[in-house]
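In this text the structure is predicted, and so the values were computed from the model without any measurement.
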Amino acid sequence: MGNTYFYKLLKHNMLLFILIIGFITCQLIFTYKQVETTPFFNYGMYSENCLPKKTYQTIAIFENEHKIVQDQLPVFLKYQLRTYSKLIAQDSIDDVVNTIENRFGKETNLSNYLIKYLTNNKRSIKEFPKWVEEQLDKTKLSIKIEYYEWLNESFELINSKKLH
């Protein structure tokens with residue numbers, strides 16, 4: 001045992017030994033809890049096949065029934081629009097709640113605190129359209145999900161659904 005790396009490290013630099021063992025311990029705990037951390041990622045995020053889709057959806061914003069070009073929207077707003085449409089589709093159930101409860105337990109003090117500050121609720125969904133109007137400095141906006149299909153070498157709109 002006297003010739004192992006960790007033994008030599010312990011004898012020469014106690015602080016570095018503690019840091020390395022602490023890092024390894026944390027990574028093992030994160031792996032057990034299935035927390036994705038850099039520089040290590042769980043293989044599960046790469047292990048599923050990507051299946052072809054028949055329809056594709058986008059979230060569009062309309063001002064007085066005229067579509068605002070997606071390239072004119074800030075990137076953060078595009079992400080928020082996708083989250084908004086997902087919350088509506090899931091009847092305002094935020095996936096983050098499940099993640100927090102799986103990692104910290106249901107109805108624990110920590111999970112209740114994190115859910116309060118890190119998740120969306122029904123009130124957030126109702127307030128979102130007004131928030132978008134403030135961000136874009138426009139009024140009378142409507143948000144729609146548009147469904148497209150790849151036909152004849154181009155995407156064609158096949159359906160749309162108004163969210164707000």
Side-chain angles (χ1 to χ4, degrees), residues 1-61 68-137 143 145-148 150 155 163-164:
M1 178 164 201
N3 288 332
T4 65
Y5 170 75
F6 289 115
Y7 181 78
K8 289 179 181 178
L9 184 61
L10 176 63
K11 292 297 179 192
H12 287 69
N13 192 337
M14 175 77 82
L15 178 61
L16 185 57
F17 174 80
I18 291 170
L19 288 173
I20 289 175
I21 294 300
F23 176 79
I24 291 169
T25 303
C26 287
Q27 283 304 135
L28 288 172
I29 291 169
F30 289 155
T31 301
Y32 173 74
K33 289 294 233 173
Q34 297 180 346
V35 177
E36 303 285 339
T37 57
T38 55
F40 307 104
F41 294 101
N42 296 336
Y43 179 72
M45 66 187 289
Y46 303 108
S47 64
E48 291 186 20
N49 291 334
C50 182
L51 302 173
K53 296 167 91 176
K54 290 194 177 225
T55 60
Y56 299 85
Q57 73 178 32
T58 62
I59 294 98
I61 298 178
I68 297 175
V69 179
Q70 289 289 330
D71 293 339
Q72 296 173 349
L73 298 176
V75 173
F76 79 93
L77 184 56
K78 293 176 189 178
Y79 173 79
Q80 298 298 334
L81 286 167
R82 286 191 300 270
T83 303
Y84 173 69
S85 69
K86 188 175 179 182
L87 284 170
I88 288 176
Q90 296 178 175
D91 194 29
S92 76
I93 298 171
D94 196 340
D95 289 335
V96 178
V97 172
N98 295 332
T99 303
I100 291 171
E101 288 178 344
N102 286 339
R103 292 185 184 160
F104 303 107
K106 289 186 179 186
E107 299 300 320
T108 64
N109 289 336
L110 180 58
S111 65
N112 289 337
Y113 176 80
L114 293 173
I115 288 169
K116 180 179 177 183
Y117 290 104
L118 297 178
T119 62
N120 294 293
N121 54 35
K122 288 188 180 201
R123 193 186 78 205
S124 301
I125 293 173
K126 290 178 184 175
E127 293 173 356
F128 182 76
K130 184 163 180 58
W131 179 82
V132 171
E133 288 178 350
E134 290 171 5
Q135 294 300 311
L136 296 177
D137 197 27
I143 302 170
I145 296 179
E146 296 181 324
Y147 298 93
Y148 290 89
W150 183 254
F155 285 105
L163 298 177
H164 168 76

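Applying the ring-ring contact (aromatic ring centres under 6.0 Å, His included) definition to pairs two or more places apart or across chains, those involving residues 69-88 are Tyr84-Phe128. The side-chain hydrogen bond (donor to acceptor under 3.5 Å, both in side chains) pairs that include a residue from residues 96-108 are Thr108-Ser111, where partners are two or more places apart or lie in different chains. Listed by first and then second residue, the salt bridge (charged side-chain N to carboxylate O under 4.0 Å, His left out) pairs involving residues 108-125 are Arg123-Glu127 (not counting sequence neighbours). The salt bridge (charged side-chain N to carboxylate O under 4.0 Å, His left out) contacts involving residues 80-89 comprise Lys86-Asp95, where partners must be two or more places apart or lie in separate chains.
Listed by chain and residue number, nothing satisfies the salt bridge (Lys or Arg N to Asp or Glu O under 4.0 Å) test with Glu133 (two or more places apart in sequence, or in another chain). Partners of Tyr5 under the side chain to side chain contact (heavy atoms under 4.5 Å, CB included) rule, at least two apart in sequence or in another chain, are Leu9, Ile20. Listed by chain and residue number, Glu146, Tyr148 satisfy the side chain to side chain contact (heavy atoms under 4.5 Å, CB included) test with Thr58 (two or more places apart in sequence, or in another chain). Listed by chain and residue number, Ile24 satisfy the side chain to side chain contact (heavy atoms under 4.5 Å, CB included) test with Leu28 (two or more places apart in sequence, or in another chain). Applying the salt bridge (Lys or Arg N to Asp or Glu O under 4.0 Å) criterion to Lys126, with sequence neighbours excluded, gives no partner residue. Legend: residues meeting ring-ring contact (aromatic ring centres under 6.0 Å, His included) with Tyr113, ordered by chain and number and at least two apart, are Tyr117. In terms of the ring-ring contact (aromatic ring centres under 6.0 Å, His included) criterion, Phe6 has no residue partners (sequence neighbours excluded).
Contact between Ile59 and Leu81 at its shortest, heavy atoms only, is CG2-CB, 3.8 Å. Taking every heavy atom of both residues into account, Asn120 and Asp94 meet most closely at N-OD2, 2.9 Å.
Interatomic distance, CD1 of Ile21 versus CG of Leu16, reported as 10.0 Å (0.5 Å rounding). Note: Leu87 CG to Ile125 CD1 = 4.5 Å, rounded to the nearest 0.5 Å. Within the model, atoms NE2 of His12 and CZ of Phe17 stand 14.0 Å from one another, a figure rounded to the nearest 0.5 Å. Atom CD of Gln135 sits about 10.0 Å away from atom CG of Asp137, to the nearest 0.5 Å.
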Practice problem: Report the C-alpha separation of Phe104 and Asn112 in whole Å, then their side-chain angles, then the decisive distance to 0.1 Å, and conclude whether the side chain to side chain contact (heavy atoms under 4.5 Å, CB included) test is met. | Solution: CA-CA 9 Å; Phe104 303 107; Asn112 289 337; over 6 Å; no
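Side-chain contact between Ile145 and Ile88: absent, with no pair of heavy atoms (C-beta onward) separated by less than 4.5 Å. Under the 4.5 Å side-chain criterion, counting only non-hydrogen atoms from C-beta, Pro74 is in contact with Leu136.
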